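What follows is one structure encoded as structure tokens, with my remarks underneath.
Indexing begins at 1, ligand by ligand and atom by atom, following the structure's order. Remember, it's a predicted structure, so these values are computed and weren't measured experimentally.
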Amino acid sequence: MSVIGAPLPRVDGKLKVTGRAKYSAEVAISKVAYAVLVPSTIASGRVLSMDSHQAEKLPGVLAIMTPATGPRVPKPESRLSLLQNNRVHYQNQPIGVVIAEDLNTAWHAASLLRIRYETAPARLDLKSGFPAAYPGHHNEDPGDASWGNVEAGLAQADVKIDQLYTTPIQHHSPMEPHAVIAQWEGSHLTVYASTQNITGHQKSLSAAFGIPASNVRVLCEFAGGGFGCKGQMWSHVVLAAMAAKKVNRPVKLVLERPQMFGPVGARPQTYQRIALGAKKDGKLTAIRHHVYTNTSFLEDYLESSAVPTRRMYACRNVSTQHRLVQLNLGTPTYMRAPGVATGTYALEVAMDELAYALDMDPLQLRLLNYTDVDPENGKAFTEKILRQCYARGAERFGWSRRRGEPGSMRAGSLLVGWGMATETYPAKRLPAGAVVRFQPDGRVVVASGTHELGTGTYTIMTQVAADALGIPPQMIAVEIGDTHFPEAPISAGSMTAASVMPAVQSAALKARLELFKLAIDDEDSPVYRLRADEVDLQDGKIFRKASPGRAESYTDLLARNSGRPIEAVARIEPVEQEQFSSHSFGAVFAEVTVDRELGIVRVPRVVAVYDVGKLLNEKTAKSQFIGGIVWGISLALHENTYVDPETGRIANANLAEYHVPVNADIGDIDVSAIDASDLKVDSLGARGIGEIGITGTGAAVANAIYHATGKRVRDLPITPDKLLIDGE
Ligand code: MOS
């Protein structure tokens with residue numbers, strides 16, 4: 001059986017549970033000084049003065065950087081807050097840095113700063129910004145895309161729905177906060193940062209300080225979760241490097257939990273208007289999905305909620321549009337399934353509403369509007385087997401036993417509801433490199449400048465290399481998270497598997513061939529003078545395919561040949577697939593119970609089936625799906641960043657009041673994938689799985705709540721108060 005796909009336990013599991021895995025703030029650096037950020041306490045205006053007199057007198061304080069005294073940065077990106085000016089654009093914006101011998105002194109000194117502000121009016125309400133809204137775009141995707149004629153399509157419709165759906169600001173809240181250690185040696189900068197993008201950090205730091213990228217080394221062996229907020233480089237990384245230069249010592253800077261709410265991204269608020277039209281038979285005649293969402297006054301970020309609507313259903317008349325509103329909040333950023341999580345919530349609830357308006361089963365409505373081609377451009381999908389996901393999901397869930405009437409299903413005194421939705425996420429890839437090295441000590445080192453966010457990168461790299469090399473997984477040592485290794489892309493957009501693993505596979509096959517060449521030239525080798533295609537490697541032994549009895553371990557071969565390692569590097573560029581559209585899909589079914597007196601919703605079970613190409617590790621893949629589904633339940637029921645409308649302060653900037661589900665909130669989650677390889681995407685047939693689980697799930701839960709109660713809540717999260725109003 002192939003090692004690829006096998007449910008190999010995480011190769012880094014033991015390191016993590018025994019505390020030996022080193023996270024950025026834990027790297028032992030001698031003489032490290034401690035820095036803390038000073039956050040703004042106004043949402044808009046200027047810092048007039050920052051009196052550091054008292055703070056500086058504390059023993060152990062090394063330096064204080066303020067907007068007036070912050071060292072000048074040669075090329076500061078205007079999106080970052082680097083103390084180059086005194087403007088304040090949001091609450092919690094870094095406006096100073098205190099550096100001290102120890103952390104407590106730094107905190108104490110920061111509390112002694114006397115800061116005077118001039119405040120300016122802040123815009124904190126999305127709707128109030130509509131008149132000033134402007135079009136936004138999402139990477140290469142245009143923000144607006146339409147085909148056909150939506151007005152005509154709606155006019156032809158027998159049944160229409162037109163509703164507003166809203167989703168709140170959310171914060172990523174990884175367990176490990178952002179953390180950085182910065183160290184200068186002359187004009188060389190070394191940075192240990194918790195990040196999804198070491199190369200991006202290297203480039204950004206090189207640009208900020210005007211030094212060659214080769215002078216900047218960025219390392220991250222493990223990140224304790226990222227979910228998108230560790231994709232871009234944020235201000236604190238540059239501030240730590242500025243501080244290290246200023247005090248001429250390595251500096252460590254770890255964000256406090258409340259500082260995770262503001263300066264390091266968030267999922268923005270969305271206000272999504274969806275109109276659907278259909279003929280009596282259920283065939284869609286029009287889809288209109290128009291979105292307002294917030295960005296900051298510092299830079300544009302677009303939550304592209306209407307983009308997934310362009311892929312989902314066969315429809316000739318479609319209009320999708322995004323408008324941005326600048327608010328006095330930190331710049332939003334990618335958060336797990338950016339755009340898609342919020343967009344599929346709205347679209348898939350709208351589809352449920354249409355199903356009720358048509359008096360049709362919600363699954364039946366989706367099957368009626370199934371599309372085998374990308375509706376926007378008519379391109380075939382590289383592969384699409386969503387029909388099987390619907391069928392298997394319905395079967396595993398028992399969907400055929402559903403009674404359609406809202407409020408018709410009970411479990412004792414509780415209302416029971418069943419809802420479903422379609423899931424989707426684009427399959428993306430970027431160029432990536434890897435190196436594979438046979439070492440004389442018997443280990444095979446596999447390295448790439450990629451990342452481990454808890455997703456399983458170490459483990460699937462081990463499996464792909466083991467498979468290509470004919471070496472047991474235990475002999476493989478994976479090294480990642482260092483810009484000295486071959487470059488790999490940002491670990492985001494569910495791209496790591498499809499980008500990095502083909503490079504690992506290619507480097508492994510090349511290294512294997514190099515090893516064979518060495519053996520073929522060695523008269524003491526059992527494969528002397530054979531052709532490479534007559535030679536094989538299994539369990540670390542080289543032999544002639546025709547006579548496997550005479551085999552030699554590669555370490556003996558290396559020892560006889562000067563003891564030098566054999567290595568090969570590969571860099572794989574994605575093949576442009578102009579004629580295809582490449583997306584993953586899935587079907588998710590949720591059961592809820594609702595206590596009608598208390599408005600309490602429980603989610604006892606979720607069933608989801610995925611069309612994601614090949615799974616590289618069944619166990620870590622399922623873990624990704626389950627994690628995504630937990631986030632989807634969280635989107636539906638829990639998460640909500642409260643911005644105080646007067647001050648712009650985030651009122652629940654902590655893990656006690658920013659609600660995420662705990663174990664008791666999560667019931668049985670049954671996930672599986674249709675076994676298939678999408679070889680048009682990459683040589684392993686894997687499309688990436690990190691984000692699709694959150695998509696659709698919020699809608700499935702919301703739809704189940706409607707089915708249970710007959711009450712349609714269109715503003716997330718669906719908290720008990722929203723189910724109790726109207727005297728019900
Ligand atoms: Mo993901 S939100 O693209 O890190």
Side-chain angles (χ1 to χ4, degrees), residues 138-141 167 169-178 193-201 204 220 222-234 260 264-270 293 295 300-305 307-308 330-345 423-430 432 449-457 480-481 488-500 574 582-584 612 620-621 623-625 627-632 634-635 639 641 660 686-698:
H138 172 68
N139 299 337
E140 70 280 9
D141 289 329
T167 66
I169 296 172
Q170 301 181 336
H171 281 85
H172 308 70
S173 307
M175 275 205 280
E176 180 207 24
H178 287 258
S194 183
T195 174
Q196 298 169 234
N197 193 359
I198 52 172
T199 307
H201 276 50
S204 297
C220 180
F222 295 96
F227 316 116
C229 72
K230 294 175 182 170
Q232 280 188 293
M233 187 189 70
W234 300 103
M260 296 291 289
V264 290
R267 197 197 294 282
Q269 202 176 342
T270 71
T293 178
T295 188
D300 282 359
Y301 166 79
L302 179 71
E303 175 78 3
S304 49
S305 305
V307 167
T331 306
T333 194
Y334 310 101
M335 181 158 153
R336 204 169 191 174
V340 192
T342 48
T344 54
Y345 153 70
E423 305 183 72
T424 189
Y425 198 76
K428 290 177 282 194
R429 286 183 71 184
L430 285 173
T450 184
H451 318 85
E452 172 64 57
L453 317 172
T455 46
T457 307
I480 60 178
I490 179 173
S491 284
S494 301
M495 282 188 298
T496 298
S499 304
V500 179
S582 190
H583 295 265
S584 286
V612 290
T620 55
S623 177
Q624 287 296 297
F625 295 139
I629 288 168
V630 170
W631 276 58
S634 192
L635 174 86
E639 283 177 70
T641 297
V660 295
R687 270 197 233 113
I689 52 175
E691 291 166 279
I692 191 168
I694 184 175
T695 75
T697 304

Run through all N or O atoms in ligand 1 and write down each protein N or O closer than 3.5 Å, as a pair with its distance.
unit_1   : atom_1 : unit_2 : atom_2 : d
ligand 1 : 3 (O)  : Gly493 : N      : 2.6
ligand 1 : 3 (O)  : Glu691 : OE2    : 3.2
ligand 1 : 4 (O)  : Gln196 : NE2    : 2.8
ligand 1 : 4 (O)  : Gly228 : N      : 3.1

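When all heavy atoms are compared, the tightest approach of Ala341 to Leu635 is O-CD2, 3.8 Å. Between Ser634 and Glu639, the shortest heavy-atom contact is OG-OE2, 2.6 Å. Between Pro338 and Tyr425, the shortest heavy-atom contact is CD-OH, 3.9 Å. Looking at every heavy atom in both residues, Tyr301 comes nearest to Thr331 through CB-CG2, 4.2 Å.
Using modelled atom types and a 3.5 Å distance limit, the side chains of His171 and Thr641 yield a donor-acceptor pair.
A salt bridge links Lys230 with Glu176: the closest approach of a Lys/Arg side-chain nitrogen to an acidic carboxylate oxygen falls below 4.0 angstrom.
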